[in-house]
Amino acid sequence: MSSRSELVTDAVLREWGLPAPGDSKKSRGEIVIVGGARSSPGAVILAGEAALRVGAGRVALAVPGSIDAHVGIALPEAGIYALPDDADAPLEGRLGEHLGSADAVLIGPGFDDPAETRATVLAVADTAPACLVLDAFAVGVLPDIDRSALPDTMILTANKEEAAILLGRPLADGDDPTDLLEIARRFDAVVSCYGLTARPDGRSWRIDEGGPGLGTSGSGDVRAGAIAGFAARGVEPERAAVWGAWAHARAGTRLSERIGLGFLARELAAELTPTMKDVLAA
């Protein structure tokens with residue numbers, strides 16, 4: 001028996017609204033993004049820009065020491081931390097303090113080693129972040145981690161392959177949220193997969209936006225960064241996931257209409273801000 005998801009419309013998002021921006025960057029939330037590798041340094045940059053584009057006040061990137069200087073130059077708006085060479089090492093000092101005090105922590109964009117990713121997820125969890133957002137490899141290693149070791153508030157941003165790992169079988173085709181709801185209950189987390197978002201209590205939302213242009217390198221990093229950025233602003237986890245997935249998809253629709261297939265993920269990130277402005281100002 002299939003479940004029905006609530007359709008996300010402009011009217012729904014306007015009714016939800018967003019937290020007031022306040023009078024400084026500190027009032028719009030702080031996010032730390034943990035990820036990156038020599039083979040994929042751009043992922044954390046795209047995620048960081050997306051978080052800023054949806055209104056997060058302060059962004060820091062924690063990346064391997066082999067790329068920290070390069071990443072810092074590419075995204076000068078972000079603070080930069082070097083991760084320990086040993087992924088099993090505790091995250092102490094300024095980085096540990098920053099992770100523990102951040103409004104949201106995103107782990108995964110650009111990571112390319114499952115064992116190191118798992119160790120980093122556990123090390124970050126030990127700092128007790130308020131909200132943990134897992135993406136890419138950090139989603140894929142979740143079945144090997146005791147749920148009780150992770151924060152209560154958690155958002156999973158999965159593609160279909162990663163969701164299938166969590167489910168233990170391929171997802172059913174179509175817009176039926178049953179499989180996603182099972183994942184949400186199993187891992188006690190909000191789960192967002194493409195146009196569907198589910199929470200453990202059985203509620204789900206559907207987004208009818210996007211198109212084939214979103215299937216471009218780095219697109220998922222933008223989506224994860226947007227979701228984490230909304231969470232850092234203080235938006236409730238399920239609404240942060242919906243807002244981020246919707247803004248990402250609507251930005252794709254707008255770019256497809258304006259320039260056609262072949263836009264870049266960095267253009268998606270830049271399109272997030274006017275996308276939000278238009279729906280909230282209507």
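Just so you know, these numbers use all the heavy atoms, side chains as well, and skip hydrogens, waters and symmetry mates.
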Under 3.5 Å, sequence neighbours excluded: what are the donor-acceptor pairs made by side chains of residues 52-63?
unit_1 : atom_1 : unit_2 : atom_2 : d
Arg53  : NE     : Glu49  : OE2    : 3.1
Arg53  : NH2    : Glu49  : OE2    : 3.2
Arg58  : NH2    : Glu30  : OE1    : 3.1

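Contact check for Leu166 versus Glu182: no side-chain heavy atoms found under the 4.5 Å cut-off. Leu268 has its side chain within reach of Leu214: a pair of non-hydrogen atoms, C-beta onward, lies under 4.5 Å apart. In this structure the side chain of Tyr194 reaches within 4.5 angstrom of the side chain of Asn159, judged on heavy atoms. In this structure, the side chains of Asp175 and Ser5 stay at 4.5 Å or more apart for every pair of heavy atoms. Residues Val32 and Val34 have side chains in contact (heavy-atom distance under 4.5 Å, counting atoms from C-beta outward). For the pair Glu6/Arg203, a side-chain contact is recorded, criterion being any heavy-atom separation below 4.5 Å from C-beta on.
With His248 contributing its side chain and Ser219 its backbone, the two residues share a donor-acceptor pair below 3.5 Å. Side chain of Glu257 to backbone of Arg254: no donor-acceptor contact under 3.5 angstrom is found. Distance alone, capped at 3.5 Å, is enough to place a donor-acceptor pair between the Asp179 side chain and the Ala172 backbone. Arg147 places a side-chain N or O within donor-acceptor distance of the main-chain N or O of Pro151, the cut-off being under 3.5 Å. Distance alone, capped at 3.5 Å, places no donor-acceptor pair between the Arg169 side chain and the Ala164 backbone. The main-chain N or O of Gly36 is never found under 3.5 Å from a side-chain atom of Ser40 such that the two would form a donor-acceptor pair. Of the possible polar contacts, one joining the Arg186 side chain to the Leu167 backbone as a donor-acceptor pair under 3.5 Å is found. Between the side chain of Thr253 and the main chain of Gly210, a donor-acceptor pair closer than 3.5 Å is present.
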>> Show, in sequence, the C-alpha distance, side-chain angles and deciding distance for Val222 and Leu272, and conclude whether the side-chain contact (heavy atoms from CB on, under 4.5 Å) test is met.
In response: CA-CA 9 Å; Val222 172; Leu272 294 172; 4.1 Å; yes
> When you look at Val242 and Glu238, which way does the side-chain contact (heavy atoms from CB on, under 4.5 Å) test go after all the steps?
Replying inline: CA-CA 6 Å; Val242 170; Glu238 66 275 11; 5.5 Å; no
> Stepwise, does the salt bridge (charged side-chain N to carboxylate O under 4.0 Å, His left out) test hold for Asp201 with Arg199?
Replying inline: CA-CA 6 Å; Asp201 68 355; Arg199 53 181 262 176; 2.6 Å; yes
>> Quick one, Arg250 with Asp278, criterion salt bridge (charged side-chain N to carboxylate O under 4.0 Å, His left out). Give me CA distance, side-chain angles, the key distance, then yes/no.
In response: CA-CA 11 Å; Arg250 176 65 67 84; Asp278 286 353; over 6 Å; no
>> Apply side-chain contact (heavy atoms from CB on, under 4.5 Å) to residues Met154 and Asp152 and explain how you reach the verdict.
In response: CA-CA 6 Å; Met154 194 161 69; Asp152 292 339; over 6 Å; no
>> If you apply the rule side-chain contact (heavy atoms from CB on, under 4.5 Å), what do you find for Ser256 with Leu261, and how did you get there?
In response: CA-CA 6 Å; Ser256 294; Leu261 185 69; over 6 Å; no
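The ring-ring contact (aromatic ring centres under 6.0 Å, His included) check on Trp243 picks up Phe230, Trp246, with sequence neighbours excluded.
Of the options Leu95, Leu150, Leu106, Val105, a side chain to side chain contact (heavy atoms under 4.5 Å, CB included) to Val124 is made by Val105 and by none of the others.
Asp135 and Pro109 get closest at one heavy-atom pair: OD2-CG, 3.8 Å. Of all heavy-atom pairs between Thr153 and Ala130, the closest is CB-O, 3.5 Å. Here the closest non-hydrogen pair linking Pro41 and Val71 is O-CG2, 4.1 Å. Residues Ala123 and Ala89 share a closest heavy-atom pair of CB-O, 4.0 Å. Contact record, Ala125 with Ala149: CB-O, 3.3 Å, taken as the closest heavy-atom pair. Scanning both residues, Ala163 and Cys193, for their nearest heavy atoms gives CB-SG, 4.3 Å.
The OG1 atom of Thr9 lies 9.0 Å from the CD atom of Glu15; values are rounded to the nearest 0.5 Å. Atoms CZ and CD, from Phe137 and Glu162 in turn, are 8.5 Å apart once rounded to the nearest 0.5 Å. Taking CD of Glu236 as the start and CD1 of Ile155 as the end, the distance is 11.0 Å to the nearest 0.5 Å. If you take OG on Ser217 and CG on Leu264, they are separated by 9.5 Å, rounding to the nearest 0.5 Å. With rounding to the nearest 0.5 angstrom, the CG atom of Asp103 is 12.5 Å from the CZ atom of Arg28. Rounding to the nearest 0.5 Å gives a distance of 7.5 Å between OG1 of Thr197 and CG of Leu180.
In terms of hydrophobic clustering, with Ile, Leu, Val, Met, Phe, Trp and Tyr side chains grouped at heavy-atom distances under 4.5 Å, Val133 and Ile207 are assigned to different clusters. When the side chains of ILVMFWY residues are joined at heavy-atom separations under 4.5 Å, either directly or via intervening members, Val121 and Ile183 end up in a single hydrophobic cluster. Under a hydrophobic-cluster definition in which Ile, Leu, Val, Met, Phe, Trp and Tyr are linked whenever side-chain heavy atoms come within less than 4.5 Å, directly or via other members, Leu181 and Phe187 are assigned to different clusters. Neither Ile33 nor Phe111 shares a network with the other; the hydrophobic side chains, linked directly or stepwise wherever heavy atoms of I, L, V, M, F, W or Y lie under 4.5 Å apart, form separate groups for each. Both Ile31 and Ile45 are part of a single hydrophobic cluster, where members link through side-chain heavy atoms under 4.5 Å apart.
Glu271 has no carboxylate O lying under 4.0 Å from a charged side-chain N of Arg266, or vice versa, which leaves the two without a salt bridge. Taking 4.0 Å as the cut-off between side-chain N and carboxylate O, Asp221 and Arg223 do not count as a salt-bridged pair.
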